There are 2 protein chains.
Amino acid sequence: MKTSGANLDNSAAKRPARRNPESSKRALIMATLDTIAEIGITDTTVSKIIQRAGLSRGMIHLHFGGKNQLLAAAAKSFGQEYFDELDHRVQQATSGPEDVITAVIQADLSEALMNERSTRIWHAFRGAANSNDGIALYSSTRDKRLRDTLHSAFKKIAQEYGEAENSALARDATFGLLVLLEGMWVDYLTNANAFSREVAVSIVLRFIAGLFPNHFQQSQS
Amino acid sequence: MKTSGANLDNSAAKRPARRNPESSKRALIMATLDTIAEIGITDTTVSKIIQRAGLSRGMIHLHFGGKNQLLAAAAKSFGQEYFDELDHRVQQATSGPEDVITAVIQADLSEALMNERSTRIWHAFRGAANSNDGIALYSSTRDKRLRDTLHSAFKKIAQEYGEAENSALARDATFGLLVLLEGMWVDYLTNANAFSREVAVSIVLRFIAGLFPNHFQQSQS
DNA sequence: ATCGCTAATGGACGATCGTCCATTAAATAT
DNA sequence: ATATTTAATGGACGATCGTCCATTAGCGAT
C-alpha cells in the first residue's frame, strides 16, 4: 500500500529489472504521473517520485537532466497515452463524419480516457503549463488534435446546410464541442462520484443536434 | 515592475498603513492572489507573498496561522469577489428568467469576471482543492451558487414545454450551461489571446436555444 | 508622561527541496 | 579471465521551504 507493487512488475515481466535504461525511464514517468494524480503536482517532489518508482535518487538527473524535464517527458507520455486510446476507439467506427464525431464524444467521456487519474493529471499539467515551457508543449496537444479531427468532420456535415453559414457553422460546432468536453473533464474532476457519463453524452449530443437539426437525433424525444 | 506599487496604495488611500490588522490581512490576501496568478500556486511561497505585500515574515502566521489557511482565506475572498461582481451585473436585469440567464452568461464571460488573472487563480484553486480541504470549501462555491440561480430560472422556462420533460429539461440545461461556461474558462486560460467573447456568448446561446427553441433566439439566422 | 496591549518585525530553526558527483556494479568486449 | 563501458547508486551540498518566537514599536488608557 505504501510504495511497492506497481513498479515491481517490470522485474517480473521479462526480467529487465536492472541495467535497462528504457525500463527505468518508463518507471520514472509512470511514478511521476501516479504521484501527480495522487497528491497533486505541487507536492510531487523528486523524493516522492523515486520512492514510488523504487529507484535511486540520481536516476532523474541521469536520464532526464532534471525534474522539470522529467515532468515534460511525463506530459508528453500522458498525451500519447490519451491519443493511443482515442485513436483506437475512433478508428473502429469511420463510416461517416457523424459516426466519427459520436465516437470521439463517447471515447472522450469513457472511463478509459476520462477517469480520476487522467483528469487530475490533465488539470495539473494545464496549470503548470503557464510556468513550464516543456509541459506547455504537450499539454495543449489534446485540444489541437481533437480540433483538427472534429473540424474536418463537421465541415463535411455542414455542407448539407445553408451555404452562407458553412464555414462559421463548422467552426462554431468544433469550438463548442471542444469547450463542452473540456468542461466535462473539469466537472468530473470536481465531483467524480456524482458525474454521470450517460447524462454527459446526452447533453453533448443535444448541443450538437441543436446546431445540426438533421443529424445527431437522439432516441428520446 | 518588481514588487512595489500595487500594495503601496493602501498607505496612500487613508493612511491605515501601519497598525491596522484588517488592512494587513487584505494586503496579504491580495498579494497571495496576485502571486498565484503570476507564477502559479506551486511557486507561490511565503517569501514571495510577503515580499509582494511589503510586509514582514511573521504576518502570515500571526494573522492566518499558516500558509495553508492564508490560501484558504484567499480562496474565500476570491469567490466573494466573483459573486459581488456577478450579483451586481445580474441584479440589473431581472425582468424574467430568460434575462437572468442571459445576464449570467454575459457576466461570466465578461472581462470583469473572466480574465487572465481570475482564470489562472480559479484553475490553481481547483487543482489545490484535491489536497487542501480549506481551499476545497470555497473553490466549488462558484458552481453551486451558479447552479441554484440557473436551475430556478430554467425551471420557470421549462414549464412552457412538455410536461414529461420539465424536470429533466431544466436539470440538463443547468448542467450543460454550467459545463459550457467552465469549458470557456479553461479555453480562455489556455489561449487568452485567441479567445473571442462574442463567439463564446454566441455559442452558449446557441446551445441554450437548442434546448428551448421558443426562447433565446439569436439575431443571426 | 507612563503604562499596557498588541500589531508588527525579522532572524533562527529544522526539514526538505533539487542538483550533482564520486563510487559501485552489471553487462559487454577483448 | 580481464578490461571497458555505462547504468545505477546514495549521500553531500547549498538553497529554500514554512513555522515559530523573542523583540520592537505604535497606539489608547490611565
Side-chain angles (χ1 to χ4, degrees), chain A residues 3-4 7-8 10-11 14-32 35-36 39-74 124 128 131-135, chain B residues 3 7-8 10-11 14-32 35-36 39-75 124 128 131-135:
Chain A
T3 55
S4 61
N7 57 296
L8 293 180
N10 61 3
S11 65
K14 256 202 207 170
R15 222 173 156 288
R18 298 186 148 178
R19 205 72 183 167
N20 189 334
E22 290 307 317
S23 174
S24 298
K25 278 188 178 184
R26 274 188 285 105
L28 284 174
I29 288 177
M30 287 306 169
T32 302
T35 306
I36 290 174
I39 62 176
I41 198 173
T42 300
D43 296 329
T44 295
T45 66
V46 169
S47 301
K48 303 264 182 64
I49 294 171
I50 57 101
Q51 182 183 354
R52 182 184 291 264
L55 297 176
S56 64
R57 193 162 187 71
M59 295 278 284
I60 292 177
H61 176 260
L62 176 67
H63 286 305
F64 296 95
K67 184 194 176 187
N68 277 339
Q69 300 168 59
L70 168 58
L71 288 176
S131 54
N132 189 326
D133 292 340
I135 292 179
Chain B
T3 54
N7 57 294
L8 294 180
N10 60 4
S11 66
K14 257 201 207 176
R15 224 177 153 285
R18 298 186 150 180
R19 203 71 184 173
N20 190 333
E22 290 307 316
S23 175
S24 297
K25 280 188 178 182
R26 273 188 285 107
L28 283 174
I29 288 177
M30 288 305 168
T32 302
T35 305
I36 290 174
I39 62 176
I41 198 172
T42 299
D43 296 329
T44 294
T45 65
V46 169
S47 301
K48 302 262 183 65
I49 294 172
I50 58 100
Q51 181 184 355
R52 182 184 291 263
L55 298 175
S56 63
R57 194 164 185 70
M59 295 277 284
I60 291 177
H61 176 260
L62 176 66
H63 286 307
F64 297 95
K67 184 195 177 186
N68 277 339
Q69 301 168 58
L70 169 60
L71 288 176
S131 55
N132 188 324
D133 292 339
I135 292 178

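A quick note: this is a predicted structure, and the numbers were derived from the prediction, not measured. Chain naming here is simple, since letters A, B, ... match the order of the sequence lines and numbering starts at 1 in each.
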Listed nucleotide nearest any side-chain atom of [X], set [options]:
X       : options                : value
A:Arg57 : D:dT19, C:dC17, C:dT19 : C:dT19
B:Met59 : D:dT9, C:dA8, D:dG18   : C:dA8
A:Ser56 : D:dG10, C:dC17, D:dG18 : D:dG10

Distance check needed: [N] [atom2] versus [X] [atom1], whole Å only.
X       : N      : atom1 : atom2 : answer
B:Gln51 : C:dG10 : CD    : P     : 13 Å
B:Asn20 : C:dT9  : CG    : P     : 12 Å
A:Glu22 : C:dA27 : CD    : P     : 17 Å
B:Ile39 : D:dC17 : CD1   : C1'   : 13 Å
A:Asp43 : C:dC17 : CG    : C1'   : 12 Å
A:Leu28 : D:dA8  : CG    : P     : 9 Å
A:Ile41 : C:dG18 : CD1   : P     : 11 Å
B:Ile50 : D:dC17 : CD1   : C1'   : 13 Å

Over all heavy atoms of both residues, which pair between A:Ala27 and A:Ala53 is shortest? Give the atoms and the distance, please.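 Looks like O-CB, 4.0 Å.
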
B:Ser56 versus B:Ile50, closest heavy-atom pair with distance: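 Result for this residue pair: O-CG2, 3.7 Å.
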
Any residue in residues 60-72 of chain A with a heavy atom nearer than 4.0 angstrom to DNA chain D? Just list them by number, or reply none.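 Contacts with DNA chain D under 4.0 Å: A:Leu62, A:His63.
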
With sequence neighbours excluded, tell me which residues meet side-chain contact (heavy atoms from CB on, under 4.5 Å) with A:Ala73.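 Here the qualifying residues are A:Ile29, A:Phe64.
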
Residues in side-chain contact (heavy atoms from CB on, under 4.5 Å) with B:His63, at least two apart?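 Partners of B:His63 by the side-chain contact (heavy atoms from CB on, under 4.5 Å) criterion, ordered by chain and then number, come out as B:Pro21, B:Ser24, B:Lys25, B:Met59.
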
My understanding is that only residues two or more places apart in sequence, or in another chain, count here; which of them pass side-chain hydrogen bond (donor to acceptor under 3.5 Å, both in side chains) with B:Ser47?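 Residues passing side-chain hydrogen bond (donor to acceptor under 3.5 Å, both in side chains) with B:Ser47: B:Arg57.
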
For B:Thr45, which residues count as a side-chain hydrogen bond (donor to acceptor under 3.5 Å, both in side chains) partner, sequence neighbours excluded?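 Listed in chain order: nothing, the list is empty.
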
Side chains of B:Thr44 and B:Thr35, donor plus acceptor under 3.5 Å: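 On atom types as modelled, these side chains do not qualify, holding no pair under 3.5 Å.
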
Do the side-chain N or O atoms of B:Ser47 get closer than 4.0 angstrom to the phosphate oxygens (OP1, OP2) of D:dT16?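 Indeed not, no polar side-chain atom of B:Ser47 lies that close.
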
